[in-house]
Amino acid sequence: MDRTSCMKRGHMLLLCGALVFSGCYTKKTTQEEGTPENTPAQVQTPTQKITPGPKETSPTTAPSKVDVDLYLEVSNGMKGFMPPPAAEKEPTVFQRQLNKLISEVQDGIYVDDKRYYLAGENGQGKPVLDSVSYNTLKNTITSGIKADVRGTPLPDMLQAALSNSLDRNAVSVIVSDFIHGPDPNNPGQFLSLDSDIRSSLKQAEHENLVVAVLGNASPFFGTYYPAVKKPAVKRTLNGEEVPFYIWVIGKQQEVQTVINKVLRNLPAQQAYFGFAYPSVTYSAILKSNTFRPAGVVYCTSRTAEVCTSVNLMPEKEEPVEFTIGLNLSDFPASLQNANFLKQNLKLAVTGGKASLGTVIAATEDVKATPSLAQYTHFVRVKVPQLTANTGSITLQLPQVLPTWVSQWSTANDNNPAGAPKKTYQLNNIIEGVQALYRDKSENVFSVTMKFNKENK
């Protein structure tokens, strides 16, 4: 190799080295401009108090553990649910359910930190949340309320409980008869109950929390204090059924954990507010003998495992029918009920006509079929006619108020023996909760199946 050639090679190496280092520097500068490595908000100084943030979970997956604050109202009006024990007496429905609930909160695997409160009112008419031990709470449920405690107006109790739980990112579980006893100096609260409830829970709206309401009824023994004081200010009951409620307030994923894993055996009366599922797994089921389609229909993509677009050719003598599989496994139990879905699912169609057929939950045989195992429900769709070459079929579950709410509501709760399982102005209480979510999604979920018209 001559000297000139060697020098040329040396110059080339130096040039390449300069380019490499220049490229590395440029890349680093780009990263620093796009994603700062250390912004002022991220710097932790020794004097800063770092508050742990909420536990992160995916939008559709409930966390494995949650923190729970459980509140039990202990006013005089609640005493009849928790009569003193005796060997010959059976526990009330209230006592049985609450014992199971607090045991699961205390000893179960799905609750991390837990705190217990007895909710009442002090001498100044202000709500008091008395923090107690598990044993004290258990003894109150099994042995009864001994103290003379006046009931807190319902909106005040809800606001105090929610504000307390928000301070530590815990789920609020509130147990009460939810009979509204307004401030004696402000009887106008009877007329503003819905707006007062909405105001008391405004933090739930601001923090994007959801509310679950579970209603049950229990034999009641002792003095009953109705909201309507005529003709009787109070009545003595001996086993008549009186409603009580468990409200669960928190982030949707955490409330789902409490509902599905902690409470478990839920009453038939359930209502959910603010719940929404933007990502429901779904597919047209076209290759299964269990849900065999009718007419000319096939997946637009011949290789797709999940089919969200179909080609159709309905004819007058042979309309198209096919099944859509849905995975609703994260939904609360009452929203998964096949009869509820059948009554409330809606179709929105562009470019054609369609109607709903059967709605069924997966059987054990279906769950054992690999191609169907990921779906919990199957909805049959009938398409008799297309009016455009392309279009869509959207399956929606609107936010609906369960019928039991109006059935359990009354304008006069003075005589529970004559009208059992009624709560004063329950419909207005729930209207106040609904108002929190009027600007949210109108649907619990919505899935869209696109279609193309298949020509002969």
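One-based numbering along the sequence shown.
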Salt bridge (Lys or Arg N to Asp or Glu O under 4.0 Å) pairs, two or more places apart, involving [range]:
| range | answer |
| --- | --- |
| residues 95-106 | Glu104-Arg264 |
| residues 423-432 | none |
| residues 433-446 | none |
| residues 407-430 | Glu241-Lys421 |

- Query: Quick one: ring pair (Phe, Tyr, Trp, His ring centres under 6.0 Å) partners of Phe378, sequence neighbours excluded?
  - Reply: Phe291

- Item | Those residues that, when tested against Phe273, pass ring pair (Phe, Tyr, Trp, His ring centres under 6.0 Å) (two or more places apart) | none

- Query: Does Ser163 have any side chain to side chain donor-acceptor pair (under 3.5 Å) partners at least two apart in sequence or in another chain, and if so, which?
  - Reply: none

- Item | Residue list, side chain to side chain donor-acceptor pair (under 3.5 Å) with Ser309, at least two apart or on another chain | Thr300

Just wondering, are more than 12 heavy atoms of other shown residues or ligands nearer than 6.0 Å to [atom1] in [X]?
| X | atom1 | value |
| --- | --- | --- |
| Lys234 | NZ | no |
| Lys342 | NZ | yes |
| Asp107 | CG | yes |
| Lys230 | NZ | no |

Donor + acceptor pair across side chains of [X], [Y] (<3.5 Å):
| X | Y | result |
| --- | --- | --- |
| Ser392 | Thr448 | no |
| Ser200 | Gln159 | no |
| Ser75 | Tyr225 | no |
| Tyr116 | Gln106 | yes |
| Ser329 | Thr376 | no |
| Arg380 | Thr323 | yes |
| Asn427 | Ser409 | yes |
| Thr152 | Asp156 | no |

- Pairs involving residues 83-114, ordered by first then second residue, that meet ring pair (Phe, Tyr, Trp, His ring centres under 6.0 Å) (sequence neighbours left out): Phe81-Phe94, Phe94-Phe244

Side-chain donor/acceptor of [X] to backbone N/O of [Y], under 3.5 Å:
| X | Y | answer |
| --- | --- | --- |
| Asp67 | Asp113 | yes |
| His377 | Gln336 | yes |
| Gln95 | Thr92 | yes |

Let me have the donor-acceptor pairs involving side chains of residues 397-408, under 3.5 Å, with sequence neighbours excluded, atom names and distances please.
residue : atom : partner : partner atom : Å
Gln399  : NE2  : Phe275  : O            : 2.7
Trp404  : NE1  : Gln270  : O            : 3.0
Ser406  : OG   : Thr403  : O            : 3.0

- Task: Only counting residues at least two apart or in another chain, list the ones meeting side-chain contact (heavy atoms from CB on, under 4.5 Å) with Pro231.
- Result: Arg235, Asn414

N/O donor-acceptor pairs under 3.5 Å from side chains in residues 125-137, not counting sequence neighbours:
residue : atom : partner : partner atom : Å
Ser133  : OG   : Thr136  : N            : 3.1
Ser133  : OG   : Thr136  : OG1          : 3.0

- Item | Taking every non-hydrogen atom, the tightest pair across Leu158 and Leu201 | CB-CD2, 4.1 Å

- Task: Evaluate side-chain hydrogen bond (donor to acceptor under 3.5 Å, both in side chains) for Asp148 paired with Asn76, printing each intermediate quantity in order.
- Result: CA-CA 6 Å; Asp148 180 14; Asn76 292 334; 2.5 Å; yes

- Quick check, are the ring centers of Phe178 and Tyr424 under 6.0 angstrom apart? no

